[in-house]
Each structure stands twice: as C-alpha cells, then as structure tokens.
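Notes follow the structure.
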Amino acid sequence: MLRLALLLCGSLAHAASDTLVLAYPEREKEPYIAEMPSNQGVYQDLFQLAAKQSGLKLKIVRYPKKRIFSEMQQGKVDLYPGSFSIDRAAVMNWVENGLVTQEVCLTRPNIAPLNGLKNTPPMKFITEIGSSKANISATYPQLSAEVLGGRVDMALAIRALQNKRGELFIIEQEPLQYYFRKNHIASAASLGLRLHLNCLPQVDILLLGIAKASKHYAEIPNPNYQASQALSVDNLPTLIDPTSKAGQFAKALRELKASGKTQQLLDRYMQISP
C-alpha cells in the first residue's frame with residue numbers, strides 16, 4: 001500500500017511538472033475568457049496551443065487577484081494575463097501574448113467628449129482590487145480610484161456608472177463590443193452613458209505575466225537595461241531565458257501571432273449575432 005501511494009505521488013508530481021498553471025480573476029472578460037467555472041475563450045485556446053507547441057499542458061484556475069499574486073510568488077501559478085506595473089515586477093516578467101487592442105472609455109453622459117485623459121475634469125475611475133490601474137492618479141492627478149471590490153465586470157461597471165458610483169470606466173474595445181452584441185445593446189447612449197473612442201488613442205499590446213518563481217522560468221541579464229530610467233515592460237533588468245520552458249512558450253506565442261492563428265481565434269470568438 002505504501003509503495004502504491006509513493007507511485008501515485010510520483011505520478012502526480014510528474015504530471016504537474018509538465019503543466020503550466022494560468023490564473024485569472026473570478027469574473028468574465030469575454031471574448032478572452034468566460035465567467036467561471038467556464039474558461040472558454042481566446043485565452044484558453046491560445047495558451048493551450050502555445051503550451052502544446054512547448055511540450056506542456058495548460059491548467060486554468062480562477063482566484064481573487066490577491067491570491068493570484070501570492071501563488072505566483074510561491075511558484076504555484078505560472079501565468080497571469082495582465083498589464084505591467086512596477087509593483088508586479090518583482091513577481092513576474094512579461095511577454096506579448098499576440099493580441100493588440102485599443103482601450104476606450106465609458107462615462108456618464110454629462111462628461112464632454114474626451115480626447116486623451118490629461119485635461120479631463122476631476123472624476124472617479126471605476127476599478128477593482130489589484131488592478132494595475134488602481135494608482136491611475138499618479139499619472140492623472142484629477143482621477144481618483146473608485147474600487148468596487150475584487151471582480152469588476154462590464155455589467156457591474158455599467159451599473160456603477162448609471163448609479164453615479166463613478167464617472168469613468170476604461171475597457172478594451174473587444175470586450176465592450178462583445179458585451180454589447182451578446183446583450184443586444186445598440187449603443188452606450190441606449191444605456192444612458194457616453195462612449196469615448198479616443199480617450200486613450202495609443203495601441204495597447206496585451207501582455208502575459210510569467211512568474212519568476214515558476215519551475216518553468218529562468219532568466220538572463222537584459223543587455224539593454226537602463227538603470228537610470230524607470231522600470232517598464234521594455235526596461236527590466238532581466239529577460240526570460242529563451243532556452244527555458246517559459247522561453248519556449250513565449251516563442252510559441254510569437255509563432256502563433258506570425259502565422260495569423262492568434263487573430264483567427266479572436267475573430268472566431270467575436271462572431272456572435274448582434
């Protein structure tokens with residue numbers, strides 16, 4: 001019996017050694033990922049393909065953000081789709097996941113059309129616990145964070161705006177379009193809100209964080225790192241070692257993008273009837 005238990009433990013450990021664990025908050029963000037317990041969406045399909053090309057398997061778990069970052073520090077979670085922030089740099093390194101978007105803004109209707117955020121009136125910005133945008137006031141002092149718990153999805157953000165719990169919500173255009181189509185919403189105006197397409201005009205390259213404590217991770221010095229400049233996703237002291245499993249996974253993501261497969265996955269999930 002003891003021998004059998006040891007064999008089972010060894011088998012489980014071996015199974016875990018070839019698995020990438022991706023964590024995402026306990027809320028939906030379609031077309032990227034559906035509401036828990038479903039994980040259907042672009043992220044599941046894309047990262048499974050990249051894992052397979054790297055000789056790995058993918059497991060998805062759904063946790064509060066605070067637990068995600070804690071488990072990344074312990075090496076229990078390998079991947080987290082999320083933006084760069086300085087306070088996360090000690091825990092993870094980043095790769096481009098192959099998706100490109102543009103963020104747009106939803107506000108209450110009394111807010112004049114926004115062309116950038118530098119000259120906006122004072123507003124409360126709707127966000128969630130652990131968001132990389134929670135410290136938005138450091139960049140835009142006239143904006144203050146209105147933190148609405150740990151899982152702010154489109155429905156909650158819209159209700160908060162309608163109920164005057166905040167004036168501004170920022171979201172990638174694909175999840176907004178998907179939500180409107182899925183719920184047969186003709187426009188932001190039909191909700192009593194205003195959509196601003198040019199509030200953040202720059203292209204937003206979506207990122208995937210890889211835990212530095214992951215057993216699949218290794219790093220090398222970044223020869224282009226500038227210690228005199230602020231940390232950013234393009235200016236970190238280390239790079240992911242391309243010979244590591246994490247490096248192979250990053251290479252697979254680049255290949256999927258170059259082949260057009262990444263865009264095909266997004267296009268397929270966006271094809272829902274209005």
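Side chains included, hydrogens not; waters and symmetry mates left out as well; all remaining heavy atoms used.
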Any Phe249 side-chain heavy atom under 4.5 Å of Leu208 side chain: yes

If Ile, Leu, Val, Met, Phe, Trp and Tyr residues are connected whenever their side-chain heavy atoms lie under 4.5 Å apart, and connections chain through other members, are Leu161 and Ile170 in the same group? no

Are any of the side-chain nitrogens in Lys29 or Glu172 under 4.0 Å away from the carboxylate oxygens of its partner? yes

Under the side-chain contact (heavy atoms from CB on, under 4.5 Å) test, which residues partner Val91, sequence neighbours left out? Met72, Gln73

Going hydrophobic residue to hydrophobic residue with side-chain gaps under 4.5 angstrom, can you get from Leu79 over to Tyr32? yes

By side-chain hydrogen bond (donor to acceptor under 3.5 Å, both in side chains) - contacts of Lys212 (at least two apart): none

Verify same cluster id: Leu266, Leu207 (apolar side-chain graph, 4.5 Å): no

Atom of Lys65, atom of Ile129 and distance for their closest heavy-atom approach: CD-O, 3.4 Å

A side-chain contact here means heavy atoms from C-beta on lying under 4.5 Å apart; do Tyr24 and Ile68 qualify? no

What pair of heavy atoms forms the shortest contact from Thr127 to Val152, and how long is it? O-CG2, 3.4 Å

Would Arg181 count as a cation-pi partner of Tyr178, with NZ or CZ less than 6.0 Å from the six-membered ring centre and within 45° of the ring normal? no

Would you say Leu168 and Cys199 make side-chain contact, with heavy atoms under 4.5 Å? no

Mind running side chain to side chain contact (heavy atoms under 4.5 Å, CB included) on Asp204 and Val100 for me, showing each step along the way? CA-CA 6 Å; Asp204 191 18; Val100 178; over 6 Å; no

If you look at every heavy atom in Asn235 and Asn224, which pair is closest and at what distance? OD1-O, 4.0 Å

I'd like to know if Glu146 pairs up with Arg165 as an ion pair, taking the criterion as any Lys NZ or Arg NE/NH1/NH2 lying under 4.0 Å from an Asp or Glu carboxylate oxygen. yes

Quick one: do the Gln271 and Asp267 side chains pair a donor with an acceptor below 3.5 Å? no

In this structure, would Met154 and Val104 fall into the same cluster of hydrophobic residues linked by side-chain contacts under 4.5 Å? yes

Ion pair present between Lys245 and Asp18, side-chain N to carboxylate O less than 4.0 angstrom? no

Over 12 non-hydrogen atoms of neighbours within 6.0 angstrom of CG in Asn119: no

Residue pair Glu26 / Pro64, side-chain heavy-atom distance below 4.5 Å: yes

What orientation do Trp94 and Phe84 show, parallel under 30°, tilted 30 to 60°, or perpendicular over 60°? perpendicular

Can you establish whether the number of heavy atoms outside Gln162 located under 6.0 Å from its atom CD is more than 12? yes

Thinking salt bridges, do Lys182 and Glu28 make one under a 4.0 Å N-O criterion? no

Measure the shortest side-chain to side-chain distance between Thr262 and Leu99 over non-hydrogen atoms and say whether it is less than 4.5 angstrom. yes

Donor-acceptor pair between Asn110 and Arg194 side chains, under 3.5 angstrom: no

Mind checking the CZ-CD1 spacing from Arg159 to Ile126? Nearest 0.5 Å is all I need. 11.0 Å

Does a donor on one side chain sit under 3.5 Å from an acceptor on the other, for Gln248 and Ser244? no

Salt bridge or not for Glu167 and Arg108, using N-O below 4.0 Å? yes

Less than 4.0 Å between a side-chain N and a carboxylate O, is that true for Glu255 and Lys261? no

Taking all non-hydrogen atoms of both residues, which atom of Thr238 and which atom of Asn93 are closest, and how far apart? O-ND2, 3.2 Å

Establish, yes or no, whether a centroid distance under 6.0 Å links the rings of Tyr80 and Phe69. yes

Non-hydrogen atoms of His196 and Ile111 that approach each other most closely: CE1-O, 3.8 Å

Using a 4.5 Å cut-off on heavy atoms from C-beta on, say whether the side chain of Gln44 contacts that of Ile60. yes

Minimum heavy-atom distance Leu117-Leu114, with the two atoms named: CD2-CD1, 4.2 Å

Under 4.0 Å between a side-chain nitrogen and a carboxylate oxygen: does that hold for Lys133 and Glu103? yes

Assigning hydrophobic clusters by single linkage (Ile, Leu, Val, Met, Phe, Trp, Tyr; side-chain heavy-atom cutoff under 4.5 Å), is Leu20 placed with Val77? no

Looking only at side chains, do Asp241 and Thr243 share a donor and an acceptor under 3.5 Å apart? yes

Tell me which one of Leu206, Val42, Leu256, Ile205 satisfies side-chain contact (heavy atoms from CB on, under 4.5 Å) with Asn97. Leu206

So do the side chains of Leu239 and Pro223 get within less than 4.5 Å of each other, counting heavy atoms only? yes

The test is side chain to side chain contact (heavy atoms under 4.5 Å, CB included); show your working for Tyr269 and Gln40 and say whether it passes. CA-CA 10 Å; Tyr269 276 101; Gln40 181 176 324; 3.8 Å; yes

